[in-house]
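Throughout, a chain's letter reflects where its sequence line sits, starting with A, and its residues are numbered from 1. Quick caveat: nothing in here was measured; it's all calculated off a predicted structure.
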Amino acid sequence: MVGSLRKGNKGEEVMLSGWVHRRRDLGGLVFVDLRDRTGLLQLSFGPEDTDEQSLAAAHRLGSEDVIQVEGEVVLRPPEARNSELATGDVEVRVRRLTVLNGARTPAIPVHLGQGEELPSEELRLRNRHLDLRRTKLRDNLELRHRLVLAVRNYLDREGFLEIETPILTRPTPEGARDYIVPSRVHPGEFYALPQSPQIYKQILMAAGYDRYFQIARCFRDEDLRADRQPEFTQIDVEASFVEPDDIFAWIEGLVEVLCEAGGLEGPDSFSRVTYAEALERFGTDRPDLRFDLTIEDWTSALGDSESRILRGAVEGGGRIRGVRVPAGAELSRRQIEELEGLAKAEGAPGLLWLKRSSGEATGPLARFLPESGLGRIGVEDGDLALVAAGEDRVTGPALGAVLAPAGRLTRRPQVRQHAWLWVTDFPLFHEDEGTGALVPGHHPFVLPHPEDLDRLEEDPLAVRSLAYDLVYNGAELGSGSIRIHDPELQRTILNALGLQGEEIDRKFGFLLEALGSGAPPHGGIALGVDRIAKDFVGASSLRDVIAFPKTTAARALFEGAPAPVTSGELEALQLESRGHRAAGGDDPASAGSA
RNA sequence: GGGGCUGUAGCUCAGUUGGUUAGAGUGCCGGUCUGUCACACCGGAGGCCGCGGGUUCGAGUCCCGUCAGCCCCGCCA
């Protein structure tokens, strides 16, 4: 293939096909960089080698024309080798050129010159067939392929069976908004696209398929972000007769395999913290452990200081918490204000701080802190202390937001490049801030922590669960739990979530039926393939690891989805549209641009 | 649903205090060129300044609305 020719292929007669990446026409000689999926190769055309017709055609070649050439692999003259090209020592002297298909001038460039900017994302998405020709995207998709292949092989070796579950499913009452699909056969009834295969995989467990996985497409009709697409792919895993440790062991092995496939240094360790610990020490349930900065409780050390802010916070029932940033004294005032801005964005009124350098303390906090106080919070010469006071729900996120950025700003080496960890014991329920109702922390099928079962009634918000997250460098890459296998307990939880008997049977009867028919204890996890691929290739958006992604408005710009349907189609479904674009033609392009 | 940024040639961008003929690089078209590789050189074409309205003697520039893309909040069991 094009990208694989080397010195050793010298003298070989080859026939190659590909795209004209670039043409350099010297008049007598023509050079063309031929491109295919495997790389670039220089072709040369000249009167000594190339037949007359082909030479004439070579002069007329344009970018992205599809051609086929026959010729001989030769070594380039020594002074004309290109060390930046894998194939740069050789070229193919073309005898015969066939233009398989001409290309109009590309709407966006496939080849970018040095320092040339990418076209706008909108044009890249509108011309996805061209954008996907770029090496970067091709490499991204290839890596993604290798990751998924490694996952399949690994889970197969571990005895897991890949089983497909339906895309047309039952609408679910809770969770994200469903994508809805009308049924023609049953007017007025609807399928939903799965938000995840959660219930199906539990039923598979009940059916005795004790190790299941699926590279599963999931759909959620919610607003998008850089790390959120309306359809996304999960490595969905479930196993019977397991405890969290079994899942952790499998997934840790999986992560190693992924790192190997992705050319990433494998994890040297997997940390574990409970949810409560994570909030206390890192102010978030997905800590970034690349810097070993933590939040400390300085209430007793600083609570008796003269500072009105600090004392007021403590008297109001809050705590004083802070972060010691080793070598942080080198930060400029401006950098510290930057950090304070991050804390404010999380709702804190501000940060108090002090620097200690050359034996002297400076900063707003300095005048409230005698030397002894510095010792009490462990601030050494060269350090910076950042302090927030008040309620935990404010100070936690505020200080948490500052941890990694502070570490980055000091430019001390990261403690580790790849920080993998498990966050465990998530709360079973949250409180809906609007209504005060209980909502599931993860989903309604999570097993309560056995030690907390007796608090289910009197203090449900304090009940922990056997739910866990896989976190990598501060990003949640996976989430799972041990599930409830006892139908009575499941009913109790659904009750607590505000569902009544008849409603439970209607919506979850099939699950309860399966649980009551001899379902084994089981649990699992789902990992986000798109996010993993994004992190592994260092992309800033999921769109760079998805061949045909949606925009932030959930549109597909290339093919123009969603699109209006004809009134006939609506009629067949016995639907009426109140949208102002209803019942248009069936031309998909008409929907894309307004 | 809310906030922010962006929208000028095929592409990437500049465009002064609101001023008369809207520029650059690249791509494209034509020409010269036998060792280029961001080929070089000469010449040329190419504009609904996103769209609609307003202010003004005059709008790419100011105001309002709208559409699209991106980022964030809400939302994402």
Counter-base of [N], judged by Watson-Crick or G-U geometry with both distances under 3.5 Å:
{"N": "B/U16", "result": "none"}
{"N": "B/G44", "result": "B/C28"}
{"N": "B/G52", "result": "B/C64"}
{"N": "B/A59", "result": "none"}
{"N": "B/U21", "result": "none"}

Suppose we call a contact any N or O donor and acceptor under 3.5 Å apart; does that hold for the side chain of [X] and the base of [N]?
{"X": "A/D33", "N": "B/C37", "answer": "no"}
{"X": "A/R76", "N": "B/U36", "answer": "yes"}
{"X": "A/E122", "N": "B/G50", "answer": "no"}
{"X": "A/R22", "N": "B/C39", "answer": "no"}

Could you state the [atom1]-[atom2] distance from [X] to [N], rounded to the nearest angstrom?
{"X": "A/H111", "N": "B/G10", "atom1": "NE2", "atom2": "C1'", "value": "17 Å"}
{"X": "A/N82", "N": "B/C37", "atom1": "CG", "atom2": "C1'", "value": "6 Å"}
{"X": "A/R104", "N": "B/C29", "atom1": "CZ", "atom2": "P", "value": "14 Å"}
{"X": "A/F45", "N": "B/C37", "atom1": "CZ", "atom2": "C1'", "value": "14 Å"}

Under 4.0 Å, counting only non-hydrogen atoms across every strand here, what does [X] touch: a base, just sugar-phosphate, or nothing?
{"X": "A/P440", "value": "sugar-phosphate"}
{"X": "A/P77", "value": "base"}
{"X": "A/E48", "value": "base"}
{"X": "A/S44", "value": "nothing"}
{"X": "A/A345", "value": "nothing"}
{"X": "A/R60", "value": "nothing"}
{"X": "A/E476", "value": "nothing"}
{"X": "A/E117", "value": "sugar-phosphate"}

Mind checking the [atom1] distance from [N] to [M]? Whole angstroms is fine.
{"N": "B/A24", "M": "B/C70", "atom1": "P", "result": "32 Å"}
{"N": "B/G3", "M": "B/G65", "atom1": "P", "result": "10 Å"}
{"N": "B/U32", "M": "B/A38", "atom1": "P", "result": "25 Å"}
{"N": "B/G54", "M": "B/G60", "atom1": "P", "result": "15 Å"}
{"N": "B/C72", "M": "B/G15", "atom1": "P", "result": "27 Å"}
{"N": "B/U17", "M": "B/G10", "atom1": "C1'", "result": "33 Å"}
{"N": "B/G7", "M": "B/U12", "atom1": "C1'", "result": "13 Å"}
{"N": "B/G69", "M": "B/C57", "atom1": "C1'", "result": "37 Å"}

Ring geometry between A/F445 and A/F508 (parallel below 30°, tilted from 30 to 60°, perpendicular above 60°)
perpendicular

Could you pull out all donor-acceptor pairs under 3.5 Å where a side-chain atom in residues 471-478 of chain A meets a protein atom, sequence neighbours excluded?
unit_1 : atom_1 : unit_2 : atom_2 : d
A/Y472 : OH     : A/H418 : ND1    : 2.7
A/N473 : OD1    : A/A419 : N      : 2.8
A/N473 : ND2    : A/Q417 : O      : 3.4

Residue whose nearest RNA chain B nucleotide is more 5′ - A/L123 or A/H443:
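Nearer the 5' end of the strand: A/L123.
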
Along RNA chain B (nearest heavy atom to each residue), the more 5'-positioned of A/R81 and A/I108
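Checking each residue's closest nucleotide, the 5'-ward one belongs to A/I108.
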
Could you list the residues that satisfy side-chain hydrogen bond (donor to acceptor under 3.5 Å, both in side chains) with A/E488, not counting sequence neighbours?
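Applying side-chain hydrogen bond (donor to acceptor under 3.5 Å, both in side chains) to A/E488 gives none.
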
Are the side chain of A/S54 and the backbone of A/R96 linked by a donor-acceptor contact shorter than 3.5 Å?
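Not a single qualifying donor-acceptor pair exists.
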
Can you name the salt bridge (Lys or Arg N to Asp or Glu O under 4.0 Å) partners of [X], sequence neighbours left out?
{"X": "A/R408", "value": "none"}
{"X": "A/E64", "value": "A/R35, A/R133"}
{"X": "A/D89", "value": "A/K7"}

Can you tell whether the side chains of A/D139 and A/K136 come within less than 4.0 Å, N to carboxylate O?
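A/K136 and A/D139: not salt-bridged.
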
Salt bridge present between A/R220 and A/E222 (N-O < 4.0 angstrom):
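No.
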
Side-chain N or O of A/S120 less than 4.0 angstrom from OP1 or OP2 on B/U12?
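So the side-chain polar atoms of A/S120 do come within 4.0 Å of the phosphate oxygens OP1 or OP2 of B/U12, strictly under.
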
A/R24 side-chain N/O to B/U36 phosphate OP1/OP2 under 4.0 Å
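For A/R24, the contact criterion (side-chain N or O under 4.0 Å from OP1 or OP2 of B/U36) is not met.
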
Does atom CD of A/E513 have more than 12 heavy-atom neighbours, drawn from other residues, nucleotides or ligands, at distances under 6.0 Å?
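No.
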
Per-nucleotide protein contact string for nucleotides 71-76 of chain B (B base, S sugar-phosphate only, - none; heavy atom under 4.0 Å):
SSBBBB

